[in-house]
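Worksheet for the structure shown next.
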Amino acid sequence: MDENNMKKEVMMSDCPVCGKSKTLEVKTSTDNIPYFGDILETSVYCNECGYQSSDSISLEHNEPSRYTLTINDTKLDSRVAKSQTATITIPELGLKVEPGPKSQGFVSNVEGILNRFEQAVARALTLEGENISSEVEDNAVNILECITHIKMGELETILILEDPFGNSIIDDDDAEYEVLTQEEADALQTGFTMIDQ
């Protein structure tokens, strides 16, 4: 979508934080992003209290998909485009990130994905503090060591990227692509609140 076709809208609303009337500036625009296709970008900013938030939602739905890649030190630069509805799993390490209400899409590489998992495990260790059980601590340390071994070429494992809306990709010739069955797609989290009628 080029600049001429990009739709932008601005409206004023009441702020949900400070409650002031017509101080919340709500901006929406549509754009076309490589790997994700057409997206809706929304940002809000309150001129009174400074509250701000932003979100991007893919407007495209493709066939539900799964990408599987054996990762090691030679695959660290392989590009990964994860939409806000995708689940990333490294089954052998027991690592899984599912989309939630604030989930956002991003483009990274395999090393970036490993770094994110590393940071999450390290953050969990810090939050547990002195109350952590030795079993949980040993498991976390083992995961961190495995990630280091993958980066150093001493270990390889499987990375899986699943998306019920098919807007994610592992951009590597060795990545296996498959279309998910409807049952498999329905079993995945989307991060959206669904209302049955």
Side-chain angles (χ1 to χ4, degrees), residues 1-67 79-89 95-129 161-171 180 182 184-197:
M1 194 176 291
D2 62 34
E3 283 291 325
N4 296 330
N5 293 332
M6 186 184 295
K7 291 179 67 177
K8 293 184 180 182
E9 294 184 20
V10 178
M11 60 183 240
M12 299 304 290
S13 184
D14 298 344
C15 179
V17 177
C18 69
K20 298 288 184 177
S21 178
K22 305 293 183 199
T23 61
L24 191 72
E25 190 174 284
V26 181
K27 295 180 182 178
T28 61
S29 64
T30 55
D31 199 357
N32 186 278
I33 305 293
Y35 297 105
F36 297 116
D38 290 338
I39 64 163
L40 172 68
E41 296 177 289
T42 305
S43 65
V44 296
Y45 177 75
C46 178
N47 295 311
E48 185 69 27
C49 70
Y51 168 73
Q52 61 184 6
S53 179
S54 63
D55 197 9
S56 299
I57 298 172
S58 176
L59 299 175
E60 295 188 8
H61 291 202
N62 299 303
E63 289 188 300
S65 61
R66 175 186 297 122
Y67 286 87
R79 188 168 301 277
V80 178
K82 177 207 167 292
S83 79
Q84 76 270 19
T85 58
T87 296
I88 299 177
T89 312
L95 297 172
K96 184 178 201 176
V97 174
E98 295 178 304
K102 287 289 194 180
S103 181
Q104 294 185 339
F106 59 82
V107 177
S108 185
N109 58 23
V110 168
E111 186 172 18
I113 300 295
L114 291 173
N115 290 344
R116 285 171 183 257
F117 277 123
E118 232 173 8
Q119 291 164 3
V121 171
R123 197 166 37 249
L125 276 173
T126 302
L127 288 174
E128 287 292 324
L161 178 66
E162 296 173 298
D163 192 336
F165 298 123
N167 295 325
S168 300
I169 185 174
I170 298 178
D171 191 15
L180 297 174
Q182 192 58 53
E184 290 173 320
D186 290 344
L188 291 173
Q189 298 292 320
T190 64
F192 298 132
T193 302
M194 307 301 265
I195 300 172
D196 293 328
Q197 295 188 10

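Closest heavy-atom contact between Tyr67 and Ser168: CE1-O, 3.3 Å. Contact record, Cys15 with Cys18: SG-N, 3.4 Å, taken as the closest heavy-atom pair. Pro164 and Ala185 make their closest contact through CB-O, 3.9 Å (heavy atoms, listed as atom of the first residue, atom of the second, distance). The two atoms that bring Val10 and Glu25 nearest to each other are CG1-CG, 3.8 Å, heavy atoms only. Pro16 and Tyr51 make their closest contact through CG-CE2, 4.3 Å (heavy atoms, listed as atom of the first residue, atom of the second, distance). Scanning both residues, Ser29 and Lys8, for their nearest heavy atoms gives CB-CG, 3.7 Å.
Evaluation of the side-chain hydrogen bond (donor to acceptor under 3.5 Å, both in side chains) rule for Glu98 yields no partner, not counting sequence neighbours. Take Gln182 and apply the side-chain hydrogen bond (donor to acceptor under 3.5 Å, both in side chains) test, not counting sequence neighbours, and it matches Asp186.
Note that the CD atom of Gln119 and the OG1 atom of Thr126 stand 11.5 Å from one another [nearest 0.5 Å]. Taking CE of Met11 as the start and NZ of Lys22 as the end, the distance is 7.5 Å to the nearest 0.5 Å. Taken from CZ in Phe165 to OG in Ser65, the straight-line distance is 11.5 Å, to the nearest 0.5 Å. The distance from atom CD1 of Ile88 to atom NZ of Lys96, rounded to the nearest 0.5 Å, is 12.0 Å. For the atom pair CZ of Arg66 and CD1 of Ile170, the computed distance is 11.5 Å after rounding to the nearest 0.5 Å.
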(request) Take Asn47 and Met12, measure what side-chain contact (heavy atoms from CB on, under 4.5 Å) needs, and give me the verdict at the end. (result) CA-CA 10 Å; Asn47 295 311; Met12 299 304 290; 3.7 Å; yes
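In Glu184, the CD atom is crowded: over 12 heavy atoms of neighbouring residues, nucleotides or ligands sit closer than 6.0 Å.
With hydrogens and angles disregarded, no donor-acceptor distance shorter than 3.5 Å links the side chain of Asn109 to the backbone of Arg79. Judged by distance alone, with hydrogens and angles left aside, the side-chain atoms of Thr23 form no donor-acceptor pair with the main-chain N or O of Cys46 at under 3.5 Å.
No side-chain heavy atom of Thr85 sits under 4.5 Å from any side-chain heavy atom of Leu188. Using a 4.5 Å heavy-atom cutoff, the side chains of Leu24 and Asp14 are not in contact. Two residues are said to be in side-chain contact when any heavy atoms from C-beta on lie closer than 4.5 Å; Leu161 and Asp163 fail this criterion. A 4.5 Å side-chain heavy-atom check between Ser43 and Lys27 finds at least one atom pair inside the cut-off.
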